[in-house]
Amino acid sequence: MPELPEVETTRRGLEPFLNGQRIAAVRIHDPRLRWPVSPQVATAPCGQLIHGVSRRAKYLLIHLERGTIIIHLGMSGSLRLASGNESPRTHDHVEFLLDNGHVLRLHDPRRFGSVHFTEDDPLHHRLLSSLGVEPLSDAFTAPLLKSKAGSRKVAVKNLIMDAKIVVGVGNIYASESLFLAGIHPSRPAGRIALQRYEGLVAAIRKVLAKAITQGGTTLRDFVNGVGEPGYFAQSLQVYGRAQQPCTICGSPISSRVIAQRNTFFCAKCQR
DNA sequence: ACTGGCTCCTGAGGGC
DNA sequence: TGCCCTCAGGAGCCAG
């Protein structure tokens, strides 16, 4: 499932292959994604040069001469660059055919992903305009988290997964970061000291940055079109490890549903 | 202003 | 072998 590191990895992998290429045609095989793919996606990009590929939160932005293609991978989506004479697979819902004979395919079995096109500043798009700070930017700080927490009673796990506050912290990395910071996921956000938020911010940065480094493996697979499952699973400390010993103290890892999501933590190490 | 819950979808995995 | 059931999961949206 694409978390922020995987989206960033995808971006880095695609950019050198897409930059300077021209989109010859777009084929929408199945418009039924998270939101119906607008017919504009099939027409507006045609004939346009690709100027760059950037990322905001988990959205990939493919910048054209006039306008931007906005892609979200949802939880099962992937983008694959293939030779044009290779036939599309099941669940290849949208294809961008390039002048050089290659084709960029959005593959998304569960169809939680989405594709949009906008001629305006993409950061002003309704899906992007109210997003919080990037976790790897200087804007993501402990005082920011602390001020957003205020006196709120919401679990700190909800706080860091709230995309209006900070983007890109998915369910897996929320558990991992809170473990690294020694903070219990259910602790009310308003009852955490600034100093502990310093630790949490550092932990989120560390976990995401490490995952991006590991994403390099996925990058090559991605470009070559060879899947390599579970590349980051081996470095997970708590996620999916219920009842297994904590890597710090040895007591069994707990699991509980918090924020409608399965959450893993060590009840002894995290307070 | 907050908060919790629902929703989209399909593959995987367990039970029988 | 195969069918059925349940669950996971990003994030927008809505109701209370």
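On a predicted model such as this, the values are computed, not experimentally measured, just so you know. Hydrogens, waters and symmetry mates play no part in the numbers below; they use all other heavy atoms, side chains included. Lettering follows sequence order; numbering is per chain, from 1.
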Inset, instruction - Write down the distance between CZ (Arg56(A)) and P (dG10(C)), rounded to a whole number of angstrom. - result: 18 Å
For residues 148-161 of chain A, which side-chain donor-acceptor pairs fall under 3.5 Å, sequence neighbours excluded?
residue   : atom : partner   : partner atom : Å
Lys157(A) : NZ   : Asn171(A) : OD1          : 2.6
Lys157(A) : NZ   : Ile258(A) : O            : 3.4
Lys157(A) : NZ   : Thr263(A) : OG1          : 2.7

Inset, instruction - Would you kindly check whether a donor in the side chain of Arg110(A) faces an acceptor in the base of dA8(C), or vice versa, at under 3.5 angstrom? - result: yes
Legend entry - Short side-chain N/O contact from Arg111(A) to OP1 or OP2 of dT10(B), under 4.0 Å: yes
Inset, instruction - Report yes if a side-chain nitrogen or oxygen of Tyr59(A) is closer than 4.0 Å to either non-bridging phosphate oxygen (OP1 or OP2) of dG12(C); otherwise report no. - result: yes
Legend entry - dT10(B) OP1/OP2 closer than 4.0 Å to side-chain N/O of His91(A): no
Inset, instruction - Taking only Lys NZ, Arg NE, NH1 and NH2, and the carboxylate oxygens of Asp or Glu, determine whether Arg32(A) and Asp30(A) approach each other closer than 4.0 Å. - result: yes
Legend entry - Nearest-nucleotide comparison on DNA chain B, the residue closer to the 5′ end among Gln260(A) and Thr90(A): Gln260(A)
Legend entry - Protein-nucleotide distance (Met161(A), atom CE; dA11(C), atom P), rounded to Å: 8 Å
Inset, instruction - Output yes when at least one side-chain N/O atom of Arg34(A) is less than 4.0 Å from OP1 or OP2 of dC13(C), else no. - result: no
Legend entry - Distance flag, aromatic centroids of Phe17(A) and His102(A), threshold under 6.0 Å: no
Inset, instruction - Take the protein atom CZ of Arg32(A) and the nucleotide atom P of dT10(B), then report the distance between them rounded to whole Å. - result: 7 Å
Legend entry - Between P of dG9(C) and CD of Glu6(A), the distance in whole Å: 14 Å
Legend entry - Whole-Å gap separating P (dA11(C)) and CZ (Arg261(A)): 10 Å
Legend entry - Hydrophobic cluster identity match, Leu200(A) and Phe265(A), side-chain contacts under 4.5 Å: no
Legend entry - Between dG12(C) (P) and Asp162(A) (CG): distance, integer Å: 10 Å
